[in-house]
Amino acid sequence: MSVRSAWWVAVVSALVAALLGVGPVALPRAAAQDVPTFILTGQILDALNAAPVVSAVIKVPELRRYAFSDVNGRFSFAAFPQGTWDIVVEMLGYHTLDGSVSVAEGNGLLLRLNPDPVALEELRVRTRSERLLSDRRRRIPYRVTTISTGIFANSINPDPTAIFRRNSRSYILPCAETAEDAGEQMAPSCYWRRGRPAKITVFLDEGRLESGMVELAMLPKEDIHSMDWIPEMGELRIYTRHFIERLDNTRISLSPLVYP
């Protein structure tokens, strides 16, 4: 059966299921194993001077894959499925590039990053915690929204969950449709993902908070150093100032993340 035929059968099956009341209508996107694959190559350049951008991370969230650009700004993905995919390119000192591209065998990618100069008040060496957190964010093959120390310091609202909702770039909502659970209404613990509410898993200093957002709401914002929000994983990673000090002054490391 051809790829086109397989896709059409899947569409018809979804429509029949909907008419019979056994499931929602969902027009499936062709799975990676159903489409031709090839070696996708590309190059990352500075948009102003066309210089190669070294060590930029290129992420394909839907495929859970990432790669880094080399000294010539070049990168490649083996066994890459043709089609249209969301691609995210990140590099310190540049604006994040985020958009959809259509790729097929024979056409590579030439991507240009616009500089976003980082103003430094003084020259300083990165702390151990900064390096560890930066490496973790870069190696997650998904978008990561970081809520920084400065955001917490400048926020008027003392509720950490409210600061998260304001800066998460996601639609946060209660998991239950009813308003019976006061804690859930005050500290919503779901977000809108792929057409339905999904539960947010909350981690504090590498340990999971069983009560999630309700427990987070009781934490003083002054104790929080930063947050990392990973929508594709549904994980909110919170780091306290005490934990950051331990990362800087001891040999402990961050636990490796397991991607779904």
Side-chain angles (χ1 to χ4, degrees), residues 57-68 85-90 92 96 98 128-152 155 157 159-176 181 183-221 223-247 252-260:
V57 59
I58 302 91
K59 301 180 181 180
V60 189
E62 194 168 353
L63 298 179
R64 306 172 196 161
R65 298 180 65 179
Y66 67 94
F68 290 94
W85 305 98
D86 290 335
I87 291 183
V88 180
V89 184
E90 299 173 343
L92 182 65
T96 297
D98 186 348
R128 182 172 183 269
S129 61
E130 288 174 331
R131 177 175 56 80
L132 291 174
L133 289 174
S134 176
D135 288 347
R136 167 181 272 187
R137 292 166 185 143
R138 284 165 58 83
R139 294 186 180 278
I140 296 174
Y142 304 119
R143 296 176 180 83
V144 180
T145 298
T146 298
I147 305 174
S148 67
T149 306
I151 292 176
F152 280 94
S155 176
N157 196 322
D159 182 0
T161 64
I163 298 173
F164 165 66
R165 292 196 300 272
R166 182 178 180 83
N167 297 276
S168 67
R169 302 178 184 175
S170 298
Y171 176 37
I172 310 299
L173 71 163
C175 294
D181 190 339
E184 174 70 11
Q185 296 301 315
M186 294 297 294
S189 55
C190 278
Y191 71 110
W192 197 253
R193 181 187 180 194
R194 297 176 183 174
R196 66 184 63 185
K199 185 75 173 179
I200 298 174
T201 304
V202 183
F203 292 85
L204 179 66
D205 295 345
E206 304 296 89
R208 181 170 176 173
L209 291 181
E210 294 301 327
S211 299
M213 288 294 183
V214 174
E215 192 170 350
L216 174 60
M218 297 184 290
L219 187 68
K221 81 176 181 71
D223 292 349
I224 299 177
H225 174 271
S226 58
M227 292 180 176
D228 282 338
W229 167 233
I230 314 166
E232 283 295 322
M233 298 173 65
E235 290 188 5
L236 175 60
R237 295 266 170 178
I238 305 157
Y239 309 106
T240 64
R241 294 180 180 275
H242 175 69
F243 180 72
I244 294 300
E245 289 178 2
R246 290 181 60 203
L247 284 179
I252 67 170
S253 297
L254 298 174
S255 302
L257 298 187
V258 179
Y259 311 136

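We're numbering straight along the sequence, starting at 1. Source: prediction; values computed, not measured.
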Asks: Within the structure provided, determine whether R166 and N157 are in side-chain contact (heavy-atom separation under 4.5 Å).
Replies: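 Side chain of R166 against side chain of N157, heavy atoms only: no contact under 4.5 Å found.
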Asks: Are V88 and T96 close enough, and set up right, to give a side chain to side chain contact (heavy atoms under 4.5 Å, CB included), and what steps lead you there?
Replies: CA-CA 7 Å; V88 180; T96 297; 3.8 Å; yes
Asks: Return the set of residues passing salt bridge (charged side-chain N to carboxylate O under 4.0 Å, His left out) with R137 (not counting sequence neighbours), or none when no residue passes.
Replies: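 Salt bridge (charged side-chain N to carboxylate O under 4.0 Å, His left out) check on R137 returns D228.
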Asks: Do R138 and Y66 have side chains that approach each other closer than 4.5 Å (heavy atoms only, starting at C-beta)?
Replies: no
Asks: Within this structure, what is the CD1-CG distance for the pair I238 and D223, rounded to the nearest 0.5 Å?
Replies: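 Here the rounded value is 12.0 Å.
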Asks: Would you say that P160 contacts M227 through its side chain, given a criterion of any heavy-atom pair below 4.5 Å between the two side chains?
Replies: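 With C-beta onward as the side chain, the pair touches.
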Asks: Out of curiosity, C190 SG to M213 CE, how far, rounded to the nearest 0.5 Å?
Replies: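 Atom-to-atom, C190:SG and M213:CE are 9.5 Å apart.
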Asks: Without swapping roles, check the side chain of K59 against the backbone of I140 for a donor-acceptor pair under 3.5 Å.
Replies: yes
Asks: Rounded at 0.5 Å granularity, tell me how far CZ in R128 sits from CD1 in I244.
Replies: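 CD1 of I244 is found 11.0 Å from CZ of R128.
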Asks: Measuring from atom CD1 of I151 to atom OG of S226, what distance do you get when rounded to the nearest 0.5 angstrom?
Replies: 10.0 Å
Asks: Please say whether more than 12 non-hydrogen atoms of neighbouring residues, nucleotides or ligands are located less than 6.0 Å from CZ in F68.
Replies: yes
Asks: Would you please name every residue forming a salt bridge (charged side-chain N to carboxylate O under 4.0 Å, His left out) with D159, sequence neighbours left out?
Replies: none
Asks: Does Y142 use its side chain to pair, donor to acceptor, with the backbone of M233 at less than 3.5 Å?
Replies: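 Looks like no, no N/O pair under 3.5 Å.
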Asks: Do you know which two heavy atoms are closest between T161 and M186, and how far apart they sit?
Replies: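 In terms of heavy atoms, the two residues are closest at OG1-O, 4.4 Å.
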Asks: For L216 and L236, run side chain to side chain contact (heavy atoms under 4.5 Å, CB included): C-alpha distance rounded to whole Å, both residues' side-chain angles, the deciding distance at 0.1 Å, then the answer.
Replies: CA-CA 11 Å; L216 174 60; L236 175 60; 4.0 Å; yes
Asks: Do I58 and I87 make a side-chain contact, defined as non-hydrogen atoms from C-beta onward lying under 4.5 Å apart?
Replies: yes
Asks: Please list, chain by chain and in numerical order, all residues satisfying side chain to side chain donor-acceptor pair (under 3.5 Å) with R169, sequence neighbours excluded.
Replies: none
Asks: With sequence neighbours excluded, tell me which residues meet salt bridge (charged side-chain N to carboxylate O under 4.0 Å, His left out) with R165.
Replies: none
Asks: What's the shortest heavy-atom distance between P174 and P188, and which atoms?
Replies: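 Closest heavy-atom pair between P174 and P188: N-CB, 3.6 Å.
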Asks: One pair to check against side chain to side chain contact (heavy atoms under 4.5 Å, CB included): L254 and L247. What are the steps and the verdict?
Replies: CA-CA 8 Å; L254 298 174; L247 284 179; 4.0 Å; yes
Asks: So which atom in W192 and which in L173 form the shortest heavy-atom distance, rounded to 0.1 Å?
Replies: N-CD2, 3.6 Å
Asks: Please report the shortest heavy-atom distance between P61 and D86, naming the atom on each side.
Replies: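 Here P61 and D86 meet closest at CD-O, 3.5 Å.
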Asks: To the nearest 0.5 Å, what is the distance between CD1 on I172 and CH2 on W229?
Replies: 5.5 Å
Asks: Kindly say whether H225 contributes a backbone atom to a donor-acceptor pair with the side chain of T149 at under 3.5 angstrom?
Replies: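 Yes, T149 side chain to H225 backbone: donor-acceptor pair under 3.5 Å.
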Asks: What's the spacing between E215 CD and E210 CD if we round to 0.5 Å?
Replies: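 Between atom CD of E215 and atom CD of E210 there are 8.5 Å.
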Asks: When you look at CZ of R241, are more than 12 heavy atoms from neighbouring residues, nucleotides or ligands closer to it than 6.0 Å?
Replies: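 Yes.
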Asks: Compare all side-chain heavy atoms of P197 with those of Y191 and state whether any distance is below 4.5 angstrom.
Replies: no
Asks: Can you name the closest pair of heavy atoms from W85 and V60 and give their distance?
Replies: CB-CG1, 4.2 Å
Asks: What pairs with R208 under salt bridge (charged side-chain N to carboxylate O under 4.0 Å, His left out), at least two apart in sequence or on another chain?
Replies: none
Asks: For residues 198-207, tabulate all N or O donor-acceptor pairs below 3.5 Å that involve a side-chain atom, not counting sequence neighbours.
Replies:
from : atom 1 : to   : atom 2 : distance (Å)
K199 : NZ     : S189 : OG     : 3.1
D205 : OD1    : T240 : N      : 2.9
D205 : OD1    : T240 : OG1    : 3.3
D205 : OD2    : T240 : OG1    : 2.6
E206 : OE1    : R136 : NH1    : 3.2
E206 : OE2    : R136 : NH2    : 2.9
E206 : OE2    : S255 : N      : 2.9

